[in-house]
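Take a look at the structure set out below.
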Amino acid sequence: MKFLLFFAKRFIAGENLEDAIHVTRKLNKIDIKTTIDFLGEHSHTREEVKKNLENYFKLIRAINILKLDSNISIKLTSLGLDISKDYCIDNLKKLLKYGKKYQVMITIDMESSKYTSFTIAVYKKFIKMYNNTEIAIQCNLRRTNKDIKNLINKKPNIRLVKGAYIEHSKDYIQNKHIVNDKYIKYLRLLFKTNSFVAIATHDTKIINYAREYINKNKIKKKRYEFQMLYGIRQDIQKQLADENYPIRVYIPYGKNWLPYYIRRMREQKEIFFFVLKHLFR
Ligand SMILES: Cc1cc2nc3c(=O)[nH]c(=O)nc-3n(C[C@H](O)[C@H](O)[C@H](O)COP(=O)(O)OP(=O)(O)OC[C@H]3O[C@@H](n4cnc5c(N)ncnc54)[C@H](O)[C@@H]3O)c2cc1C
């Protein structure tokens with residue numbers, strides 16, 4: 001495992017909170033904000049969930065005390081969703097309350113499709129009381145058009161992503177080009193409404209489209225930000241910061257890094273095969 005960790009460190013800050021703080025400080029110095037994720041998805045025991053919560057409380061306090069320009073990202077399965085829905089809601093409420101007290105925004109990551117309805121329902125439940133909440137919405141799901149339309153009248157904070165969970169089911173759009181087109185469509189829709197949108201992608205075509213749209217339509221900075229993952233396209237991250245666009249980087253840390261690392265490797269694998277295909281064409 002130690003051997004794998006060496007490679008995983010490209011995508012994760014490290015196994016401890018201090019590692020995430022260290023990376024955040026470095027990025028904050030060059031005007032890049034962060035969102036820190038304590039890696040603990042699919043926790044199946046209450047002890048594990050309790051530890052996750054404690055780690056999140058510690059993280060929130062650290063962000064506040066050290067005045068880091070950071071918020072946090074969480075997954076509902078790290079708050080006990082695989083154990084009980086009510087238990088998960090209770091834990092999320094505690095966390096949102098804590099975040100509000102310490103003025104730390106909380107983004108709810110979106111996991112695989114079996115959790116989508118519940119995640120959106122929970123976000124809707126808390127959005128009014130806790131405006132320090134953001135939700136990730138995946139463009140590769142067929143239901144997303146409807147979900148966004150149902151959310152926009154609630155002034156949501158939406159992190160728009162292509163979607164990292166590839167399941168071979170009819171609920172998913174498998175064609176990458178269609179997903180890219182959907183991304184642009186939803187982005188325009190969110191810009192045109194009262195929503196806050198986090199443009200969470202490393203796709204330069206989409207980033208350039210968003211920049212043009214923002215400049216042409218004079219979209220205010222408080223209405224959007226770019227978001228990228230730690231270890232991916234640092235050149236663009238820095239360029240956006242240099243050009244004074246709001247940009248935030250997702251920093252995962254913790255001992256349970258394997259599922260996250262596998263998702264990132266799978267994306268890389270596709271890139272690897274893409275390069276091979278074009279080399280031998
Ligand atoms: C801040 C943030 C939060 C996210 N939260 C969620 C979430 O809650 N739920 C969810 O399902 N997904 C989430 N994702 C992941 C997202 O859904 C995509 O899987 C991921 O961002 C890759 O898609 P892309 O938009 O960058 O486009 P792609 O077309 O996949 O990639 C565009 C370019 O980015 C670079 N790139 C992308 N991935 C890699 C990689 N692994 N290694 C090296 N280079 C790479 C390559 O240069 C590639 O050409 C998040 C992404 C970001 C940036």
Side-chain angles (χ1 to χ4, degrees), residues 7-13 24 27 32-37 39 41-42 70-78 81 105-116 119-120 122-123 133-141 143-144 147 157-167 171-184 186-187 197-210 224-237 239-240 246-252 257 259-275 277-278:
F7 293 102
K9 276 201 168 164
R10 175 183 166 190
F11 298 115
I12 63 158
T24 291
L27 290 173
I32 296 178
K33 302 169 211 180
T34 67
T35 179
I36 305 176
D37 171 28
L39 295 161
E41 61 197 91
H42 295 295
S70 182
N71 58 38
I72 71 168
S73 286
I74 56 126
K75 288 186 176 55
L76 292 186
T77 63
S78 74
L81 181 53
M105 178 108 179
I106 296 174
T107 301
I108 306 173
D109 288 354
M110 189 60 79
E111 301 177 70
S112 60
S113 64
K114 73 173 184 183
Y115 303 111
T116 311
T119 308
I120 292 176
V122 160
Y123 176 71
T133 324
E134 179 177 275
I135 186 171
I137 293 287
Q138 298 156 327
C139 298
N140 66 346
L141 282 181
R143 55 177 288 162
T144 294
D147 288 335
N157 301 304
I158 291 185
R159 170 200 286 162
L160 198 60
V161 300
K162 287 191 187 177
Y165 299 81
I166 306 148
E167 294 165 37
D171 300 336
Y172 281 83
I173 303 167
Q174 308 289 347
N175 184 315
K176 283 193 157 214
H177 301 290
I178 299 179
V179 175
N180 294 346
D181 290 347
K182 296 273 181 203
Y183 198 110
I184 298 281
Y186 301 144
L187 190 59
V197 56
I199 309 148
T201 181
H202 318 88
D203 186 326
T204 42
K205 269 196 195 151
I206 295 176
I207 292 169
N208 289 338
Y209 177 86
Y224 75 92
E225 69 185 14
F226 288 94
Q227 289 189 0
M228 294 192 203
L229 300 175
Y230 179 64
I232 302 181
R233 300 307 310 255
Q234 283 111 317
D235 52 340
I236 308 176
Q237 295 174 14
Q239 190 191 339
L240 287 169
I247 156 98
R248 186 181 301 278
V249 170
Y250 187 104
I251 312 287
W257 45 262
Y260 180 86
Y261 178 53
I262 289 171
R263 281 198 293 280
R264 300 291 79 84
M265 282 308 287
R266 203 176 48 203
E267 285 157 357
Q268 247 189 341
K269 192 181 90 193
E270 280 166 12
I271 293 161
F272 176 71
F273 285 128
F274 177 84
V275 172
K277 196 172 113 193
H278 283 74

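Numbering of ligands and ligand atoms starts at 1, following listing order.
Below 4.0 Å from some heavy atom of Gly163 lie the following atoms of ligand 1, by number and element: 11 (O), 16 (C), 17 (O), 19 (O). Of all the atoms in ligand 1, the ones that sit under 4.0 Å from a non-hydrogen atom of Gln227 are 1 (C), 53 (C). Near Arg159, meaning under 4.0 Å from one of its heavy atoms, ligand 1 places the atoms 3 (C), 4 (C), 5 (N), 8 (O). When each atom of ligand 1 is checked for a heavy atom of Gln138 under 4.0 Å away, the hits are 9 (N), 10 (C), 11 (O). Distances below 4.0 Å separate heavy atoms of Ile232 from the following atoms of ligand 1: 35 (C), 36 (N), 38 (N), 39 (C), 40 (C), 41 (N), 42 (N), 44 (N), 45 (C). Atoms of ligand 1 found under 4.0 Å from any heavy atom of Asp109, numbered from 1 in the order shown, are 8 (O).
Using a 4.0 Å cut-off between a side-chain N of Lys or Arg and a carboxylate O of Asp or Glu, Glu41 and Arg263 qualify as a salt bridge.
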Please lay out, stage by stage, how Ile74 and Leu76 fare under the test side chain to side chain contact (heavy atoms under 4.5 Å, CB included). CA-CA 7 Å; Ile74 56 126; Leu76 292 186; 4.1 Å; yes
Audit row: Ile251, Leu27, side chain to side chain contact (heavy atoms under 4.5 Å, CB included) steps and yes/no: CA-CA 10 Å; Ile251 312 287; Leu27 290 173; 3.8 Å; yes
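At least one N/O-N/O distance between Met110 and ligand 1 falls below 3.5 Å. Taking only nitrogen or oxygen atoms, main chain and side chain alike, Lys162 reaches within less than 3.5 Å of ligand 1.
Contacts of Ala164 with ligand 1, taken as heavy-atom pairs under 4.0 Å, involve both backbone and side chain.
Leu160 and Leu187 make their closest contact through CD2-N, 3.7 Å (heavy atoms, listed as atom of the first residue, atom of the second, distance).
Considering His202, Glu267, Arg233 only, the shortest heavy-atom separation from atom 34 (O) of ligand 1 involves His202.
Open room surrounds NZ on Lys9; 12 or fewer heavy atoms of other groups in view lie less than 6.0 Å from it.
Taking the six-membered ring for Trp and thresholds of 30 and 60 degrees, Tyr260 and Tyr250 have nearly parallel ring planes, at less than 30 degrees apart.
Gln227 CD to Thr34 OG1: the interatomic distance, rounded to the nearest 0.5 Å, is 10.5 Å.
Using 4.0 Å as the threshold, Arg10 has a heavy atom nearer than that to some atom of ligand 1.
A side-chain donor-acceptor contact under 3.5 Å links Ser113 and Glu167.
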